Amino acid sequence: MKTTKLLLTLLPMVSLLMTGCKDKTKTNSLSILVPTGGPAIAFYKYAEDSKFQTNNNPGVSIKNAVVAEEIDVAVLPTNLCFNLIQKQNVHYKLAATITFGNFYLVSTGHDNDQTLNVGDYIVLFQNNNLPDYLFHYVFGNSFNETIRYVGSSNDAERVLTSDSDLEVANGLGEPIDYVLISEPNLTRALAANNNCSVYKNMTDEYKTKSGASDLFQASIIISNNVERSEADKFLSNIEKDIRDARENPQLIEDGMKKADQPAMFYGIDPTLAKNLTANGNKLAIGFKLTRDNKQSIDTFLSLFNLGETNEEIYY
């Protein structure tokens with residue numbers, strides 16, 4: 001009887017202890033929504049986290065989730081973060097940037113002098129968005145009459161790997177000379193078309209023109225409802241994860257493969273993500289706190305003719 005009573009007394013205590021242990025080992029309690037592709041790679045450790053989601057339409061789906069305040073943490077283009085927080089007054093703070101530009105201008109091999117000149121035919125993607133503004137920031141407006149737009153970097157890849165697309169620009173029957181594209185589409189396109197080559201690394205060109213400023217492409221925003229200590233811990237973990245991945249890219253592949261259909265979930269094959277990181281960090285993942293980089297962020301936002309950031313928007 002004494003043994004039975006002792007067991008009955010201890011069972012609730014054991015249950016509480018087990019629950020406590022489970023809470024302590026939980027890696028994340030925040031709901032997180034990020035775009036597929038480069039930004040998602042930074043979250044390679046979150047593949048099995050039920051509160052971590054990816055989406056391939058940040059300008060609509062992720063933006064709407066932020067406006068509705070349905071998510072604790074989101075990653076969006078930095079210019080969109082600015083518009084949402086400073087212009088639309090959503091209850092989030094701009095915390096850190098995790099991708100820093102992976103755009104390239106590719107020569108198709110059709111340009112006889114292999115030099116970008118007025119009259120050369122060019123394909124850009126995302127009209128009136130970052131790739132478009134970046135090209136014009138670097139090269140000006142002299143090429144506007146011979147620019148053709150496609151919707152995405154995936155479309156730019158198809159242009160580079162399709163003979164019919166390469167032979168026709170703007171419906172004038174002239175060959176396309178240059179195509180703007182981002183990783184990982186660049187690597188796939190170069191493998192499929194031996195005539196293509198990188199003409200300019202657009203991130204390097206941006207740095208040169210902006211006075212060595214980084215291209216603050218995609219940033220983390222955190223809801224004002226998240227406790228500061230929890231947000232600090234999350235940011236510290238992401239910074240460490242990114243640093244570890246750059247030092248040992250195998251971690252990216254191993255982590256991503258824990259997701260169901262990882263190539264679809266992350267928007268990139270795990271092995272390719274590893275290789276691109278190992279070969280010069282071509283997805284441009286990194287970590288910089290935005291509050292320490294206001295001037296560079298203001299320079300980046302000037303591409304969009306946006307005003308300067310207010311100190312209040314920063315985490």
Side-chain angles (χ1 to χ4, degrees), residues 25-63 65-66 70-77 96-104 125 151-158 160-161 181-192 217-221 234-287:
T25 58
K26 185 188 292 183
T27 57
N28 174 59
S29 60
L30 302 174
S31 55
I32 304 169
L33 183 57
V34 308
T36 52
I41 305 310
F43 295 83
Y44 64 92
K45 278 194 173 182
Y46 290 72
E48 297 177 297
D49 190 332
S50 62
K51 302 192 79 173
F52 171 66
Q53 304 172 62
T54 63
N55 190 281
N56 63 2
N57 192 354
V60 177
S61 299
I62 300 180
K63 175 186 174 182
V66 169
E70 297 172 345
I71 208 82
D72 295 320
V73 176
V75 176
L76 285 167
T97 301
I98 57 172
T99 63
F100 295 86
N102 56 3
F103 301 100
Y104 300 84
F125 67 98
S152 68
S153 185
N154 288 335
D155 297 323
E157 179 186 345
R158 282 190 283 271
L160 285 171
T161 56
I181 195 169
S182 62
E183 288 286 13
N185 301 100
L186 170 66
T187 294
R188 292 195 293 256
L190 293 178
Q217 183 178 357
S219 294
I220 294 171
I221 58 175
F234 165 76
L235 290 171
S236 178
N237 287 340
I238 287 294
E239 181 178 19
K240 182 180 185 303
D241 292 346
I242 292 173
R243 182 174 63 249
D244 291 346
R246 291 184 60 170
E247 293 174 356
N248 180 14
Q250 185 61 46
L251 294 173
I252 293 175
E253 182 177 19
D254 294 343
M256 290 173 61
K257 282 186 173 180
K258 293 179 181 179
D260 292 332
Q261 298 181 305
M264 181 178 295
F265 184 70
Y266 280 96
I268 180 174
D269 176 77
T271 303
L272 179 57
K274 176 198 70 176
N275 291 340
L276 288 173
T277 305
N279 186 20
N281 190 27
K282 290 183 178 179
L283 293 170
I285 60 171
F287 184 95

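Worth saying up front: this structure is predicted, and the values here are computed from it rather than measured.
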Open item on the list: Please confirm whether the ring centroid of Phe43 lies under 6.0 Å from the ring centroid of Phe265.
Closed with: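 Not under 6.0 Å, so no.
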
Can you check whether [X] reaches [Y] side chain to side chain, under 4.5 Å on heavy atoms?
X      : Y      : answer
Leu283 : Thr99  : no
Leu276 : Ile268 : yes
Leu186 : Lys282 : no
Ile71  : Val66  : yes
Glu70  : Leu33  : no
Asp49  : Lys258 : no
Asp269 : Met256 : no

If every non-hydrogen atom of [X] is compared with every non-hydrogen atom of [Y], which pair is closest and at what distance?
X      : Y      : result
Thr36  : Ala40  : CA-CB, 4.1 Å
Ala42  : Asp241 : O-CB, 4.3 Å
Ile41  : Ala273 : CD1-CB, 4.0 Å
Ala245 : Ile252 : CB-CG1, 3.6 Å
Ile62  : Pro35  : CD1-N, 3.5 Å
Pro58  : Leu76  : O-CD2, 3.4 Å

Exam field: side chain [X] to backbone [Y], donor-acceptor pair closer than 3.5 Å:
X      : Y      : answer
Glu157 : Thr161 : no
Gln217 : Gly101 : yes
Tyr44  : Pro270 : no
Asn237 : Phe234 : no
Ser153 : Ser182 : yes
Asn185 : Ile181 : no
Ser31  : Lys51  : no

Could you give the distance from [atom1] ([X]) to [atom2] ([Y]), rounded to the nearest 0.5 Å?
X      : Y      : atom1 : atom2 : result
Ile285 : Thr97  : CD1   : OG1   : 14.0 Å
Leu251 : Lys274 : CG    : NZ    : 11.0 Å
Ile32  : Thr54  : CD1   : OG1   : 12.0 Å
Asn275 : Gln250 : CG    : CD    : 9.0 Å
Asn154 : Arg188 : CG    : CZ    : 6.5 Å
Asp244 : Lys45  : CG    : NZ    : 6.0 Å

- [ ] If the plane angle is over 60° it's perpendicular, under 30° parallel, otherwise tilted; pick one for Phe103 and Phe125.
- [x] tilted

Task: Pair Tyr46-Ile238, side chain to side chain contact (heavy atoms under 4.5 Å, CB included): steps then yes or no - done: CA-CA 10 Å; Tyr46 290 72; Ile238 287 294; 3.7 Å; yes

Open item on the list: Atom CZ of residue position Arg246 - does it have more than 12 heavy atoms of other residues, nucleotides or ligands inside 6.0 Å?
Closed with: no

